Amino acid sequence: WAIIAYRRRTNEGAPVQTRYNLPLEILYTVTPTIMIAALFVVTARDQAELTKLTDNAKPIGVVGYKWNWAFNYPEGAYDVGTPARPADLDLPVGEKIRFKLTSPDVIHSFWVPQFLFKMDVIPGRQNEFELTPNKEGVFAGKCAELCGTDHSRMLFNVHVVSQAEYDQHIADLKAAGQDGQLETGRIVTTGVPAGR
């Protein structure tokens with residue numbers, strides 16, 4: 001009944017139809033394109049500056065694994081976190097550090113909020129970034145990528161200390177048997193490493 005009774009018989013009463021408004025369509029297309037291009041250029045420029053690597057930085061190996069952290073020092077010592085004790089990372093104040101991030105299992109994310117920088121730790125890939133800690137103190141670090149059951153326990157502490165305190169920490173690690181370098185794919189978490 002509705003199809004037959006209310007069918008349209010003529011176009012009388014319909015508003016005037018306009019098909020194209022070329023200036024308006026150009027405005028809607030060109031304006032967002034210019035905005036996206038400008039944001040891309042600014043982002044690419046700033047990201048290149050923030051992730052620039054130099055040759056004079058102290059390399060620190062960072063291994064994120066289910067569900068803790070291990071740190072390899074260039075002096076031939078390491079520190080491994082346990083569920084009972086988060087790992088400690090000591091850094092000398094005022095010295096440029098290159099973090100070399102690796103993972104043997106799943107994606108993690110190395111984040112120290114006070115450093116204002118975060119980078120993903122991806123299996124099969126080494127990500128790197130540099131920064132210079134310029135203020136002594138203890139800073140909390142954590143995994144910022146949901147990585148599994150005990151993600152919330154992937155905590156570590158960063159101690160930014162004087163060069164003498166840094167050297168003493170390396171000596172303490174070596175004296176406790178944490179001498180050498182950990183392999184990325186073989187993290188041993190038995191025993192309780194030396195810590196604070």
Side-chain angles (χ1 to χ4, degrees), residues 26-81 86-148 151-152 154-163 166 169-170 181-185 187:
I26 290 173
L27 178 70
Y28 285 162
T29 304
V30 171
T31 302
T33 303
I34 291 171
M35 290 170 57
I36 290 170
L39 289 171
F40 177 81
V41 168
V42 170
T43 300
R45 181 200 64 200
D46 291 350
Q47 184 174 350
E49 182 63 28
L50 288 171
T51 58
K52 181 173 58 175
L53 300 176
T54 61
D55 293 332
N56 60 347
K58 177 190 285 286
I60 300 286
V62 176
V63 182
Y65 61 95
K66 294 195 286 191
W67 283 278
N68 227 307
W69 297 95
F71 302 109
N72 286 316
Y73 293 95
E75 294 83 3
Y78 63 87
D79 191 6
V80 179
D88 287 317
L89 172 61
D90 276 41
L91 303 174
V93 68
E95 187 169 347
K96 184 174 281 191
I97 306 295
R98 178 182 292 185
F99 295 93
K100 297 182 172 193
L101 312 172
T102 57
S103 172
D105 44 45
V106 299
I107 297 176
H108 302 283
S109 191
F110 181 83
W111 184 37
V112 181
Q114 287 81 3
F115 289 175
L116 303 176
F117 198 88
K118 176 182 80 69
M119 185 171 275
D120 285 347
V121 184
I122 301 172
R125 176 178 175 173
Q126 180 171 289
N127 284 341
E128 298 182 10
F129 72 95
E130 293 179 1
L131 58 80
T132 305
N134 54 15
K135 179 182 175 186
E136 289 189 23
V138 179
F139 307 99
K142 59 184 80 176
C143 178
E145 182 78 31
L146 184 59
C147 58
H151 159 72
S152 63
M154 281 193 69
L155 307 173
F156 61 95
N157 297 309
V158 178
H159 300 263
V160 179
V161 296
S162 67
Q163 185 65 48
Y166 174 81
H169 179 67
I170 297 299
Q181 299 286 293
L182 293 173
E183 294 179 30
T184 303
I187 301 298

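Heads up: numbering here begins at 1 and tracks the sequence. What you are looking at is a predicted structure, and each value in this text was computed from that prediction instead of being measured.
- Closest non-hydrogen pair, L101 versus D120, comes out as CD1-O, 3.9 Å.
- Taking NZ of K142 as the reference point, atom NE2 of H151 lies at 8.5 Å (rounded to 0.5 Å).
- The two residues H159 and D88 make their nearest non-hydrogen contact at NE2-OD1, 3.1 Å.
- Distance check: F129 CZ to F117 CZ gives 5.5 Å after rounding to the nearest 0.5 Å.
- By the side chain to side chain contact (heavy atoms under 4.5 Å, CB included) test, V41 is found to be paired with no residue, residues two or more places apart in sequence or in another chain being considered.
- In plain terms, the two heavy atoms of Y166 and V161 that are nearest each other are N-CG2, 3.6 Å.
- By the side-chain hydrogen bond (donor to acceptor under 3.5 Å, both in side chains) test, N127 pairs with R125, sequence neighbours left out.
- Residues satisfying the side-chain hydrogen bond (donor to acceptor under 3.5 Å, both in side chains) criterion with E49, sequence neighbours excluded, are K52.
- Residues passing the side chain to side chain contact (heavy atoms under 4.5 Å, CB included) test with L39: none are found, sequence neighbours excluded.
- At a threshold of 4.5 Å between non-hydrogen side-chain atoms, the residues D90 and Y73 count as touching.
- Taking E128 as the reference, R98, Q126 meet the side-chain hydrogen bond (donor to acceptor under 3.5 Å, both in side chains) condition, with sequence neighbours excluded.
- For the side chain to side chain contact (heavy atoms under 4.5 Å, CB included) test, residues two or more places apart in sequence or in another chain that qualify with K96 are T54, N56, A57, E130, T132.
- Residue D105 comes nearest to Y65 through the heavy atom pair OD2-CA, 3.3 Å, listed as atom of the first residue, atom of the second, then distance.
- Residues satisfying the side chain to side chain contact (heavy atoms under 4.5 Å, CB included) criterion with E95, sequence neighbours excluded, are K58, P92, Q163.
- To the nearest 0.5 Å, the span separating CD1 on I107 from CG on L146 amounts to 11.5 Å.
- For Y28, the ring-ring contact (aromatic ring centres under 6.0 Å, His included) criterion is met by no residue, not counting sequence neighbours.
- Of the inter-residue distances, the one linking C143 atom SG with W69 atom CH2 reads 5.0 Å to the nearest 0.5 angstrom.
- Atoms NZ and SG, on K66 and C147 in that order, are 9.0 Å from each other to the nearest 0.5 Å.
- Residues passing the side-chain hydrogen bond (donor to acceptor under 3.5 Å, both in side chains) test with T43, sequence neighbours excluded: none.
- Using a 4.5 Å heavy-atom threshold, the side chains of L91 and F99 count as touching.
- In terms of heavy atoms, S109 sits closest to K118 at OG-CG, 3.3 Å.
- Atom CD1 in I170 sits 12.5 Å away from atom OH in Y78 (nearest 0.5 Å).
- Taking all atoms of both residues into account, the shortest heavy-atom contact from I60 to P74 is CD1-CD, 3.8 Å.
- Side-chain contact check for F110 versus M119: every heavy-atom pair is 4.5 Å or farther apart.
- For F139, the ring-ring contact (aromatic ring centres under 6.0 Å, His included) test picks out F115, with sequence neighbours left out.
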